[in-house]
Amino acid sequence: MKNILDFSLEDLKLWMEENNEGKFRAKQIFEWIYKKGIFDFDNMTNISKDIKNKLKDNFYIGVPQTVNKYTSNIDGTQKFLFKYRDGNIIESVIMKYKYGNTICVSTQVGCRMGCKFCASTIGGIVRNLTHGEIAGQILRAQSEINERISNVVLMGSGEPLDNYDNVIKFIKLINSEEGLNIGQRHITLSTCGIVPKIKELADKELQITLAISLHAPSDDIRKTMMPIANKYSLNEIVDACRYYSVKTNRRITFEYALVKGVNDKKEHAKELCNLLKGLLCHVNLIPINEIKENDYKKSNMKDIDAFKETLTRCGIETTIRREMGSDINAACGQLRKNYMESN
């Protein structure tokens, strides 16, 4: 049995043809799944019983099951624990903004990157998600809230560029008119900085936003926080970002989690200014989510504001990320880890 969500429209047209059915049936099925949110072949009313039986013999619709749903009393952020057919659990988060609904999707079950401030990586990686499984998170979430999702961030559990092929297929699927028809400029991919894959992504000249989880102004500090820093230096990452920006004409976002006493002083901000000088970019400062597995503490607002002011004076556009879903553990990996420990 195959997950039909892992089939592109062209793949499904070919399958129909090989099984002596009209190719137009593929588009009908896509419409039922992606436009109407129907996840049961039996409920597709313009498909014959014979075709339904063929589909059921060969495919399942790999939309995950909702295990738990949490809604923030502070800002309405919703976090979902989703379960796949093999029993693996992942998280997705829906954030509501004036301009529409944004979903943060996971690209892997667990993560191998080992960043010390992230709960997703505790326990390592279990497996990659297929592109259809990633898309399934959006389909299930839309059915849960009964609203369209218009923006996607690949910033949940997992490193997207460590699952490169599936992530590229996912972007093409949700961007396609027959799929979810989400514009590329409404898609953000966040990476800790796998340099060769950043360059490979740049060569595709997509119009998505690239976000780099930077979190340090120097290699020495970054190595204490992120093991990937032992493989790729900050200069290598910034060079790859310059290449990406030239190829796509897109501004790079740098995510910077502020840790009290580690990377949040004015001298760190000045180092960051020098590192990013001349690059088409934006810095998003993130008050860190504290987790019990390390002793990192959130910076105080005075230091955060001073850090922002230093970057702004250097001509770097800087924002402070609004904390969302703090009362429901909406940061990556926290709910999944708690669920796994209690089951």
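It should be emphasised that the depicted structure is a prediction, and the values quoted were computed from it without experimental measurement. The basis for the numbers below is simple: all heavy atoms, side chains too, and nothing from hydrogens, waters or symmetry mates. The first residue in the sequence is number 1, and the count goes up from there.
Under the 3.5 Å distance criterion, the side-chain polar atoms of Arg321 are left unmatched by any main-chain donor or acceptor of Tyr256. Under a 3.5 Å cut-off, the side chain of Lys35 and the backbone N or O of Gly179 do form a donor-acceptor pair. No donor-acceptor distance shorter than 3.5 angstrom exists from the side chain of Asp203 to the backbone of Glu200, with no hydrogens or angles considered. In this structure, the side chain of Thr253 does not engage the main chain of Ala211 through any donor-acceptor pair within 3.5 Å. Side-chain atoms of Ser245 come within 3.5 Å of backbone atoms of Arg250 as a donor-acceptor pair (strictly under, hydrogens ignored). Of the possible donor and acceptor atoms, one in the side chain of Asp219 sits under 3.5 Å from a partner among the backbone N and O of Leu234. Put simply, the side chain of Asn175 gets close to the backbone of Ile182: a donor and an acceptor are under 3.5 Å apart. A distance-only check finds a donor-acceptor pair linking the side chain of Arg222 to the backbone of Leu214 [under 3.5 Å].
In this structure, Met16 and Lys23 approach most closely via the heavy-atom pair CB-CA, 4.3 Å. Of all non-hydrogen atoms in Cys192 and Met226, the two that sit nearest each other are CB-CE, 3.6 Å. Between Gly136 and Pro64, the shortest heavy-atom distance links the atoms O-CD, 3.4 Å. Closest heavy-atom contact between Thr310 and Cys273: O-SG, 3.9 Å. Among all heavy-atom pairs drawn from Phe30 and Ser8, the shortest one is CZ-C, 3.6 Å. Across Ile90 and Tyr84, no two heavy atoms sit closer than the pair CG1-CE1, 3.4 Å.
Under the 4.5 Å side-chain heavy-atom criterion for Ile, Leu, Val, Met, Phe, Trp and Tyr, Ile38 and Leu180 are members of the same hydrophobic cluster. Cluster membership for Leu275 and Ile316, using ILVMFWY side-chain heavy atoms within less than 4.5 angstrom, is shared. Linking ILVMFWY side-chain heavy atoms closer than 4.5 Å, directly or via other members, places Trp32 and Phe39 in a single hydrophobic cluster.
Sequence neighbours left out, the pairs with a member in residues 102-114 that pass side chain to side chain donor-acceptor pair (under 3.5 Å) are Gln108-Asn128, Gln108-Asp162, Arg112-Asp162. Residue pairs satisfying the side chain to side chain donor-acceptor pair (under 3.5 Å) criterion with at least one member in residues 50-64, sequence neighbours excluded, are listed as follows: Glu21-Lys54, Asp42-Lys56.
Of the charged side-chain nitrogens involved, none lies within less than 4.0 Å of a carboxylate oxygen, so that Glu159 and Lys197 do not count as a salt-bridged pair. Using a 4.0 Å cut-off between a side-chain N of Lys or Arg and a carboxylate O of Asp or Glu, Lys13 and Glu17 do not qualify as a salt bridge.
For Tyr244, there are no ring-ring contact (aromatic ring centres under 6.0 Å, His included) partners at least two apart in sequence or on another chain.
Here the two rings, on Phe41 and Phe59, have centers that are 6.0 Å apart or farther.
Side-chain contact between Leu201 and Ile168: present, with at least one pair of heavy atoms (C-beta onward) separated by less than 4.5 Å. At a threshold of 4.5 Å between non-hydrogen side-chain atoms, the residues Thr318 and Phe307 do not count as touching.
Within 6.0 Å of the CD atom in Glu18, the count of heavy atoms belonging to other residues, nucleotides or ligands exceeds 12.
Checking Thr77 against Asp75 by side-chain atom types alone, a donor-acceptor pair falls below 3.5 Å.
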* Could you walk me through whether Glu309 and Arg313 pass the salt bridge (Lys or Arg N to Asp or Glu O under 4.0 Å) test, one step at a time? => CA-CA 6 Å; Glu309 185 182 350; Arg313 281 204 309 268; 3.1 Å; yes
